[in-house]
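Take a look at the structure set out below.
Naming convention: chains lettered A, B, ... in sequence-line order (proteins, then strands); numbering from 1 in each chain.
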Amino acid sequence: MKRTGLLQTAGLIGLIAMATTATAQDDSQLVVNGEIEMVTDAPAPENIGGLKTIYSGWRFRQSEMQALQTDDFENPGAYAIDEGVEMWATVEGSEGKSCASCHEDIEDSMAGVRAVYPKWNESKGQVMTLAQQINDCRTEQMGAEAWKYDGGDMTSMEAAISLQSRGMPVNVATDGPAADAWAKGEEMYYTRYGQLELSCANCHEDNYDNNIRADHLSQGQINGFPAFRIKTGKLTQTHNRFKGCIRDTRAETFSPGSDEFVALELYVASRGNGLSVEAPSVRP
Amino acid sequence: MKRTLILAAALIGSGAVVSAQTVSPDDVAYDEYGSIEVSLSGAAGDPAVGAEIMSDRGQGNCVACHQVSALTAAFQGNIGPSLDGAGDRWDEAQLRGIVADAKMTFPDSMMPSFYKVSGFIRPGNAYTGKAADDTFTSLLTAQQIEDVVAYLATLKE
């Protein structure tokens, strides 16, 4: 009898704590360089049952950090764009080609590409991330060596390509041939990994807008990636973020570029369908 | 196969610090509500040590998820309820059960199981991201659980 009462009380307190998750930190709107209006909240996609509204990670940051992303002269991640654009025109490999040899102007050929990745590749018969596609062009088209999946060169190239989609809505396909990978990613999202037995959903779905020690939890969206992290002082790729979040559950984590992370990326990207591509974003 | 090895190793690992009365994680008797009647270490807990364990990021780090007014630890989280008054709401056996394995009291709770060594998915070697090896132990020792329980019992309103 007494126990039941106690349990109910604890449950109610829990509910109150949960109720505060209904709104993101503030209603600020993100406009970059005074012209690109970003969508930082949107109705959740229909196949994402756990959320009603999706929010960009930007909405959970403090105003000083938010401000850094409003102007490319302030954005500490902007360096990578110049690096990426320079590499775009750099000839490498046995075929004597650069990216530009085939794709010409990055601004035209890469517009909208980031927004639909990861994407099913018919000739390969698999879902591919942007990084995998870039390496495929290097090895198969240029006769050049693959870049390290999460190395600096790859991250800068990803940033330069992503920039060409900045402000466009994320719109990855989750059905058709991509459905299997998406389902695998969804299962991972709800798996309670590691000695702490925590799933992505425990933190980023059930508790976004709550604090875990000093960290203000966001929905763990990837529309801002690659993201400049103030903590590490460099641009970080999606898979590196995933790797760290799983490691922090005291789990054996997965490797960047692994099949598991490709599937997880597709699924997490789809949770952000409708938010603007923000890369390069600025995050803690 | 791998899991059995880890488990066996963990048992041997904690064996080194185990006294005669210590109940090992796999032998803990929870009642149907998730309570544990007897001390896991066979000894009483020290509330002052318990307070430290609760604030320390490398140990219990309970304040990552709970707010406790009596603790000075910075940046207390709000994932779980405030623990103020926990000593009024729960008796010692209930508190011991919650701290050792909260999922026995609150099914599917997000709260980690602090006195458990088996049944994990991809258990790691602390925060290295690598697989668990023969150094794997429960998050807290039997005596640390008792110290935390002793501190929680002092949280009265």
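With a 4.5 angstrom heavy-atom cutoff, A/Leu217 touches chain B only via side-chain atoms. Heavy atoms of A/Leu198 lying under 4.5 Å from chain B belong exclusively to its side chain. Only the side chain of B/Lys103 comes within less than 4.5 Å of a heavy atom of chain A; its backbone N, CA, C and O stay farther away. For A/Ser199, no part lies under 4.5 angstrom from a heavy atom of chain B.
For the atom pair CG of A/Asn207 and CE of B/Met110, the computed distance is 5.0 Å after rounding to the nearest 0.5 Å. B/Ile121 CD1 to A/Glu252 CD: the interatomic distance, rounded to the nearest 0.5 Å, is 12.5 Å. The distance from the CD atom of A/Gln195 to the OG1 atom of B/Thr137 is 6.5 Å, given to the nearest 0.5 Å.
With sequence neighbours excluded, the residues satisfying ring pair (Phe, Tyr, Trp, His ring centres under 6.0 Å) with A/Tyr193 are A/Phe254.
Considering only heavy-atom pairs separated by less than 4.5 Å from chain A, the leading option among B/Ser113, B/Ala74, B/Cys65 is B/Ala74.
Between B/Ala73 and A/Arg213, the shortest heavy-atom distance links the atoms CB-NH2, 3.6 Å. Here the closest non-hydrogen pair linking B/Gly129 and A/Arg247 is N-CG, 3.4 Å. Counting all heavy atoms, side chain and backbone alike, A/Glu197 lies closest to B/Gly119 at OE2-O, 4.4 Å. Residues B/Asn78 and A/Asn211 come closest through the heavy atom pair OD1-N, 2.6 Å.
Contact residues of residues 43-52 of chain A toward chain B are absent (heavy-atom distance under 4.5 Å).
Heavy atoms from other residues, nucleotides or ligands lying under 6.0 Å from CG of B/Asp56 number more than 12. Counting non-hydrogen atoms of other residues, nucleotides and ligands closer than 6.0 Å to NZ of A/Lys234 gives a total of 12 or fewer. The local environment of NZ in B/Lys116 is crowded, with over 12 non-hydrogen atoms from other residues, nucleotides or ligands closer than 6.0 Å. For OH of A/Tyr190, the number of neighbouring non-hydrogen atoms (other residues, nucleotides, ligands) closer than 6.0 Å is greater than 12. Summarising the local packing, CD of A/Gln29 is surrounded by more than 12 heavy atoms from other residues, nucleotides or ligands at distances under 6.0 Å.
Counting heavy atoms from C-beta on, the side chains of A/Arg250 and B/Phe120 never come closer than 4.5 Å. Within the 4.5 Å cutoff, the side chain of A/Leu196 has heavy atoms near those of the B/Tyr127 side chain.
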